[in-house]
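All heavy atoms count here, side chains included; hydrogens, waters and symmetry mates do not. Each chain gets a letter, A, B and so on, in the order its sequence line appears, and its residues count up from 1. Please read all numbers here as calculations on a predicted model, not as lab measurements.
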Amino acid sequence: MFSLEKRKTPSKAWSLATPILAVALTMIAGAIMFSLLGKPPLEALRTIFIDPIFSEQFGAYSRPQLLVKAGPLILIAIGLSLGFRAGIWNIGAEGQYIMGAIFGAAAGLALYPLEAWWIFPMMVIVGCLGGLLWAMIPAILRTHFNTNEILVSLLLVYVAEEILKAMATGALRNPDGGGFPGSRNLSKWVSSQNTEIIANSGMHWGVVTAFITVIFAYVLLSRHMLGFHIQLAGQSPRAAKFAGVNPKALVITCMGIAGGLAGLAGLFEVTGPAGQISTDFNSGYGFTAIIVAFLGRLHPVGIVLAGLLMALTYIGGELAQLMLGLPAASIQAFQGMLLFFLLAVDVLTNYRIRMNKGAK
Amino acid sequence: MKLTSILKGAVAALALTGAAMADGHEKTKVGFVYVGPIADGGWTTEHNNGRLAIEEAFGDAVETTYVEKVPEGADAERVMTQMALTGHDLIFTTSFGYMDPTNNVAEKFPDVKFEHATGYKRLHDNVTTYSARFYEGRAVIGHIAGKMTETNKIGYIASVPIPEVIRGINAAYLHAKKANPEVEMKIVWTFGWEDAAKEGDAARALIEQGVDVIMQHTDTTAPMLVAEEAGAYAFGQASDMSAAGPTAHLTSIIDNWAPYYIERTQAVIDGTWEQKDTWDGISTGMVEFAEFSDAIPADVLAEAIAMKDAIAAGEYHPFTGPINKQDGSVYLAEGETPEDGPLAGMNFYVEGIVGDVPQ
């Protein structure tokens, strides 16, 4: 029969091939599921993977939407990946994303209806600070009181959600909104709007920031001392100590970067695609970004591809519901399969399959 | 300046695409954007029943589509745009939080008709809003609740603090109090429409505090299931929830959207669709009740039905003065009833309710 033998070093070839293999396996399993649901399987796969990009009818709209959906995922995932590489587990990006949006929106709305060019950049900075400060809570609790940052950062998501609800129904509520919750629409106020840089390209400031961040992360990891320290701390904490890495400073730095980037993502979302602070402004980007980070192998380029792929399954999934009447649950199952196969075939990167010939 | 003109051009181009699409196909295409799953057994189920009623009424002349579990905000806007781009003529967006997205997309597709449930913004000629006078149903079940409670404690699971929900709480409280002056109402806010775990926990917490009749303004059957387990009574919301609690279920307020959806689809086919704001109640059948439980004593049932009939006939308004606000100031004088405008924006509790509207 078969047996698994651990490789001395992970296979380079397989680490590139496994994502492709996983996508192929997902398509096969997905096709089986769709046909069991009584839907044409090939048409379903085409609607999910090909139509959003190549459809003549609506491709011009859905292509940019891929960037809009992937932008925040990539931005957050890049921040998380630095910490994850160093063994610092920030699970609370969703909360940092919310706080970034609240801080930035509040700073802007305090000046409403003033029109000035500096309002949006100021909101961007405050939004970044909001996420950063929220991430500092689990970071400082870990460095000074040795608490577990996984738990603290996760639980702070729920605190942030409560603050969001209080803000949407209280302090930030639109005074002209007839008593309904939700802030003024920031994407409609010229001074605060996060516009597309080129019309209908989907390239709003958040997407641009995401791509710049990818480049910075790449350079940081491959060229900079901090990047070396991050990798070392993750692979061998003892060796890192000898190399002069200060573990506390590393926790603060990694959590700060992740929180700041998540805060930026929230700010760009609330001033652009979402438009306003509402009771359910957050739609899970902070959690999905964790998946994107791992799907992308914690590598900046991998994260870009993973973010775009996740965005594609979301947008294609909606289309499949719309065009073929597939239930939403089947789309979520399909996304789940993709992650399952990715992790499952990962075994090939680290292990070799051996055929055992009979009894010895 | 330059950017604005580019944007305007792009919008115009999009609008043109929309127009070509609207003429390019024969069947009338009707799309639905749902906030929950179609099997939620409440709010979304009833909207989906309305969709199925359109299919039944028009057969091959109409094609309907839907996307379920669409988050409010950017995702909703994308789904609506995709619908407009794929040749839909009429789009129903069935959650309050779709208000801004609906208006944003409507601006880009002037030839597509949009119908937004429970909102108040009609910024463009092709946006209509519609809602039901759920508070009429709340008055009737409030009366039943006041009579049925033995502990004199009624629980209310509220969703999002918008006027529609606050109005429902007030209507239920006023009529429970009238039926039973000893009654106390405990309110729990879940800040969401669709969270079975939270709603179930809320129901459990209420029952632990001595509540024996539960009302809900949320979409899942979780509170009904909890009430059934605990031996309490409960009222279903939006759809007939009797299956979830055969003995707990007293009745449900049913939102019957089917006649309205059929009427609006017909208007699109005939080319007579116009913007309007609909707010119908028991009288047109938009608000209905599920079968009343045998557990309700005959005299209470007779009173409830009399109230329902009086509301339907326009003889009784659930908000008839004297009613004071929570702070003791006068809301309505003796015999006075509110105008629809201010009633639609009701943002305060009436006198006697403990707690604050979440701010």
Do [X] and [Y] touch side chain to side chain, with heavy atoms closer than 4.5 Å?
X      : Y      : value
A:P273 : B:E77  : no
B:K69  : A:Q332 : yes
A:K188 : B:N104 : yes
B:Q82  : A:I315 : yes
B:D75  : A:K69  : yes

In terms of heavy-atom proximity below 4.5 Å to chain A, should [X] be classed as side chain, backbone, both, or neither?
X     : value
B:F96 : side chain
B:P71 : side chain
B:V67 : both
B:M99 : neither

Taking every heavy atom of B:N347 against every heavy atom of A:R173, the minimum-distance pair comes out as ND2-NH2, 3.8 Å
What's the shortest heavy-atom distance between A:P181 and B:V160, and which atoms? CG-CG1, 3.9 Å
Which atoms of A:S283 approach chain B - backbone, side chain, both or neither, heavy atom under 4.5 Å: side chain
Please classify the contact between A:L319 and chain B as side chain, backbone, both or neither, with a heavy-atom cut-off of under 4.5 Å. side chain
Can you tell me how far [atom2] of [Y] sits from [atom1] of [X], rounded to the nearest 0.5 angstrom?
X      : Y      : atom1 : atom2 : value
B:E68  : A:L326 : CD    : CG    : 10.0 Å
A:Y61  : B:T81  : OH    : OG1   : 3.5 Å
A:S187 : B:D100 : OG    : CG    : 8.0 Å

Near [X] [atom1], under 6.0 Å, is it more than 12 heavy atoms from other residues, nucleotides or ligands?
X      : atom1 : value
A:E162 : CD    : yes
B:D327 : CG    : yes
A:W189 : CH2   : yes

Sequence neighbours excluded, which residues qualify as side chain to side chain donor-acceptor pair (under 3.5 Å) partners of B:T65? B:H88
Interface residues of residues 45-53 of chain A facing chain B - non-hydrogen atoms under 4.5 Å apart: none
Between the main-chain N or O of A:D280 and the side-chain N or O of B:E72, is there a donor-acceptor pair closer than 3.5 Å? no
Taking salt bridge (Lys or Arg N to Asp or Glu O under 4.0 Å) as the test, write out the residues that go with B:K325, two or more places apart. none
Residues 264-277 of chain A vs side-chain hydrogen bond (donor to acceptor under 3.5 Å, both in side chains), sequence neighbours excluded, gives none
